[in-house]
Amino acid sequence: METNTLNIVLVLVLILIGAIINIITSIWIYRDAIRRGNSNEYALIVLFGTLFLPFIGGLVYLIIRKNKKSERKK
């Protein structure tokens with residue numbers, strides 16, 4: 001009986017850690033979109049995309065994001 005409870009607690013802790021990591025990376029991607037000169041609407045779309053589709057949304061953003069202004073001049 002105790003092993004079953006321990007397994008449930010472990011699964012809940014792992015889900016919580018995954019959710020926290022997802023929120024942190026979504027905020028980081030949102031800030032990166034703003035810093036790269038994208039509009040607020042674009043950044044919000046990216047934020048919601050990465051919140052609801054964490055891996056796919058993050059990969060798509062990394063592929064389509066614009067270079068920084070300093071990188072474009074090179």
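When the shell of 6.0 Å around CD1 of I56 is examined, it contains 12 or fewer heavy atoms from other residues, nucleotides or ligands.
The OG1 atom of T25 sits 8.0 Å away from atom CG of L51, with the distance rounded to the nearest 0.5 Å. To the nearest 0.5 Å, atoms CZ (F55) and CG (N22) are separated by 7.5 Å. In this structure, OH on Y30 lies 4.5 Å from CD1 on I34, to the nearest 0.5 angstrom. Atoms CG and CD1, on L16 and I21 in that order, are 10.0 Å from each other to the nearest 0.5 Å.
In summary, of the residues considered (V11, T5, N4, L10), a side-chain contact (heavy atoms from CB on, under 4.5 Å) with I8 occurs for N4 alone.
Under the 4.5 Å side-chain heavy-atom criterion for ILVMFWY residues, no single connected hydrophobic cluster contains both L14 and L6. Taken together through direct or relayed side-chain contacts under 4.5 Å among Ile, Leu, Val, Met, Phe, Trp and Tyr, L44 and I29 form parts of separate hydrophobic clusters. Residues W28 and I64 share a hydrophobic cluster, clusters being chains of Ile/Leu/Val/Met/Phe/Trp/Tyr side chains in contact below 4.5 Å. In the hydrophobic clustering of this structure, I15 does not group with I23; members are Ile, Leu, Val, Met, Phe, Trp, Tyr whose side-chain heavy atoms approach within less than 4.5 Å, directly or through other members. When the side chains of ILVMFWY residues are joined at heavy-atom separations under 4.5 Å, either directly or via intervening members, V60 and L53 end up in a single hydrophobic cluster.
In this structure, the side chain of Y61 engages the main chain of A33 through a donor-acceptor pair within 3.5 Å.
Scanning all heavy atoms of the two residues, the minimum distance from T50 to G57 falls at CG2-C, 3.7 Å.
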